[in-house]
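First up is the structure itself, then whatever we jot down about it.
Small disclaimer: the values here were computed from a predicted structure and weren't measured.
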Amino acid sequence: MGKLFCDSTTVAEPFQGSPPPPLPWRDLKSPPSLEATAVDLVGTANIAAAAFSGGWEDVVGLEDQQRRHLQRLHAKGVLWKPPPAPEEAAEGDSDSSSSAPKSLRSVVFRLSHGGEVSSDGNCLFTASRKAMGEAVEARELRRRTVARFLEDFGSVGLEEREAIDDAIRHMYSPDLKNGWGIHVVQEVKLLAKKEDRFSLDSAIDELIHFGMQRELAAESIYRERCIPVTDGPSWAKYMLISGSPDDEYDIITLQYTEEGLLSVDENREGHAAAFGDDIAIECLATEFKREIYVVQAHGSDAMVDEENCVFFLPHRPRSQIADLPFFLFMKGTGWCGAGADHYEPLIAHPCSLVSQEKVAVVL
């Protein structure tokens with residue numbers, strides 16, 4: 001859809017950021033170091049949950065080892081423990097952003113698949129809406145996420161703001177010079193105002209008239225006249241884009257290989273949406289004062305052994321936790337496109353009293 005392919009001589013630098021440390025899959029066959037105690041029931045016990053495989057038998061695209069582990073995860077449950085309340089935190093620990101009120105108790109959840117959602121770029125917000133059971137629309141979740149980011153970004157110190165800008169720049173506007181590592185294709189994201197598309201096309205046609213190749217002319221004009229996603233304010237503009245005609249900007253994507261420009265996705269119909277990233281997930285967690293756990297499944301293509309093909313990526317709010325966590329599922333295969341991951345909802349069923357040593361994972 002509006003994509004141009006090219007061969008040139010520019011080189012690129014990859015995203016250097018590192019993901020948050022995962023919580024590896026582990027079967028607690030022996031008692032943990034803490035005394036094994038019964039976990040309080042929150043909500044109504046789901047009696048049928050133990051006999052239900054969690055819907056994983058119907059999920060497409062899973063390898064056998066992934067399906068077995070996810071079914072086992074549902075059968076045994078995961079134990080969530082709320083962080084200590086501020087008054088219970090260790091003396092001298094001034095960071096109470098991950099604390100929780102005493103009213104929140106430890107819970108064992110059985111996680112079932114919440115069904116497929118469209119891979120249209122809005123999957124993080126569509127899946128989160130379903131996982132939380134919220135009536136709010138996905139576009140409103142996106143808007144609230146960006147509003148939360150701007151409020152928090154404006155309140156942090158200069159050093160933290162620069163760190164956020166650096167992370168955004170590495171993700172969406174790499175230097176295109178060196179350090180490819182295992183990356184084959186790198187992307188640069190640019191924002192074009194919808195009202196400027198005619199003038200952009202005219203400028204591209206003018207360069208073509210002077211003998212420049214179409215894809216190189218497009219790259220030159222877009223880089224010169226569009227907004228690169230390099231800092232907090234431009235990230236906010238980018239993350240607001242849902243692929244709707246009401247969006248102020250269209251996303252332009254320049255793809256590079258180590259040899260140079262590969263393609264220019266001009267997104268002429270304006271349907272491309274900004275995929276949610278780790279920054280967006282943290283802002284979403286902060287907005288709702290809930291932890292978000294991304295349950296990630298990797299298969300043989302990631303060269304992981306069977307015992308570690310499923311793990312948890314925690315995203316904690318910057319504010320005090322006020323409610324139970326919710327869970328998202330991600331197949332680590334880049335289904336939504338180059339460099340993008342597809343999120344699907346997980347439905348967390350609180351279950352009846354379970355001994356801590358019998359659960360599949362302690363979060």
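Residues M132 and L141 form a side-chain contact, since some pair of their non-hydrogen atoms from C-beta on lies under 4.5 Å apart. Under the 4.5 Å side-chain criterion, counting only non-hydrogen atoms from C-beta, M171 is in contact with D277. Contact of the R144 side chain with the R148 side chain is not registered, since no non-hydrogen atoms from C-beta on lie closer than 4.5 Å. Residues H74 and L111 form no side-chain contact, since every pair of their non-hydrogen atoms from C-beta on lies 4.5 Å or further apart. Side-chain contact check for Y172 versus T230: every heavy-atom pair is 4.5 Å or farther apart. Contact check for T145 versus E287: no side-chain heavy atoms found under the 4.5 Å cut-off. Taking the side chain as every heavy atom from C-beta outward, V108 and P350 never approach each other to under 4.5 Å. Between W80 and L104 the shortest side-chain heavy-atom distance falls below 4.5 Å.
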Check step by step if side-chain contact (heavy atoms from CB on, under 4.5 Å) holds for K237 and E248.
CA-CA 8 Å; K237 291 182 175 69; E248 183 179 1; 6.0 Å; no
Should L70 and L62 be marked as a side-chain contact (heavy atoms from CB on, under 4.5 Å) after you check the CA-CA gap, both sets of side-chain angles, and the distance that decides it?
CA-CA 10 Å; L70 291 164; L62 291 178; 3.9 Å; yes
Apply side-chain contact (heavy atoms from CB on, under 4.5 Å) to residues V310 and Q296 and explain how you reach the verdict.
CA-CA 6 Å; V310 176; Q296 189 164 349; over 6 Å; no
Step by step, would you call I252 with D265 a side-chain contact (heavy atoms from CB on, under 4.5 Å)?
CA-CA 6 Å; I252 305 295; D265 188 344; over 6 Å; no
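Side chains of E344 and H113: a donor on one and an acceptor on the other come within 3.5 Å. The closest side-chain donor-acceptor pair between D231 and S234 falls under 3.5 angstrom.
Judged purely by atom type and a 3.5 angstrom limit, D175 has no side-chain atom pairing as donor or acceptor with the backbone of K177. With hydrogens and angles ignored, the 3.5 Å screen pairs a side-chain donor or acceptor of D247 with a backbone N or O of S244. With D165 contributing its side chain and G232 its backbone, the two residues share a donor-acceptor pair below 3.5 Å. A donor-acceptor pair is defined here as one N or O able to donate and one able to accept, closer than 3.5 Å; no such pair exists between the side chain of D152 and the backbone of V156. Side-chain atoms of R142 come within 3.5 Å of backbone N or O of A274 as a donor-acceptor pair. With hydrogens and angles ignored, the 3.5 Å screen pairs no side-chain donor or acceptor of R110 with any backbone N or O of H349.
The environment of CD in E206 is sparse: at most 12 heavy-atom neighbours from other residues, nucleotides or ligands sit within 6.0 Å.
Listed by chain and residue number, nothing satisfies the salt bridge (charged side-chain N to carboxylate O under 4.0 Å, His left out) test with E162 (two or more places apart in sequence, or in another chain). Residues forming a ring pair (Phe, Tyr, Trp, His ring centres under 6.0 Å) with F109 (at least two apart in sequence, or on another chain): F327. For F329, the ring pair (Phe, Tyr, Trp, His ring centres under 6.0 Å) criterion is met by W56, not counting sequence neighbours.
Atoms CG and CG, on L190 and D250 in that order, are 12.0 Å from each other to the nearest 0.5 Å. Rounding to the nearest 0.5 Å places OG of S202 at 13.5 Å from NE2 of H209. The distance from the CD1 atom of I241 to the CD1 atom of I251 is 4.0 Å, given to the nearest 0.5 Å. Between the NE2 atom of H315 and the CD1 atom of I281 there is a distance of 4.0 Å, given to the nearest 0.5 Å. Between the CE atom in M239 and the CD1 atom in I168 there is a gap of 8.5 Å [rounded to 0.5 Å]. Rounding to the nearest 0.5 angstrom, the gap separating the CD atom in E215 from the CD atom in Q213 is 5.0 Å.
Between R268 and D201 there is a salt bridge, since a side-chain N of the basic residue sits under 4.0 Å from a carboxylate O of the acidic one. Under 4.0 Å is where a charged nitrogen must lie from a carboxylate oxygen, and between R67 and D58 no such pair does. Under 4.0 Å is where a charged nitrogen must lie from a carboxylate oxygen, and between E187 and K189 at least one such pair does. A salt bridge does not link K289 to D323: none of the charged side-chain nitrogens sits closer than 4.0 Å to a carboxylate oxygen. Electrostatic pairing of E282 and R318 counts as a salt bridge here, judged by a charged N lying under 4.0 Å from a carboxylate O.
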Between side-chain atoms of residues 221-228 and protein atoms elsewhere (two or more places apart, or another chain), which donor-acceptor pairs fall under 3.5 Å?
unit_1: Y222; atom_1: OH; unit_2: E266; atom_2: OE2; d: 2.5
unit_1: R223; atom_1: NE; unit_2: Y256; atom_2: OH; d: 3.2
unit_1: R223; atom_1: NH2; unit_2: Y256; atom_2: OH; d: 3.3

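The heavy-atom pair separating L150 from A236 by the smallest distance is CD2-CB, 3.6 Å. Shown here for P345 and L328, the closest heavy-atom pair between the two residues is CA-CD2, 4.5 Å. Annotation for F275 and G121: closest pair CE2-CA, 3.3 Å, computed over non-hydrogen atoms. S263 and L261 get closest at one heavy-atom pair: O-CD1, 3.6 Å. The two atoms that bring L79 and K81 nearest to each other are CD2-CE, 3.8 Å, heavy atoms only. Considering all non-hydrogen atoms of both residues, A285 and R316 come closest at CB-C, 4.2 Å.
Contacts classified as salt bridge (charged side-chain N to carboxylate O under 4.0 Å, His left out) and involving residues 126-136 (residues at least two apart or in different chains) are given here: R129-E137. The ring-ring contact (aromatic ring centres under 6.0 Å, His included) pairs that include a residue from residues 138-158 are F149-F153, F149-W235, where partners are two or more places apart or lie in different chains.
Clustering ILVMFWY residues whenever any of their side-chain heavy atoms sit less than 4.5 angstrom apart, transitively, puts V117 in a cluster other than the one holding V295. Linking ILVMFWY residues whenever their side-chain heavy atoms come closer than 4.5 Å, directly or via other members, leaves I347 and V78 in distinct clusters.
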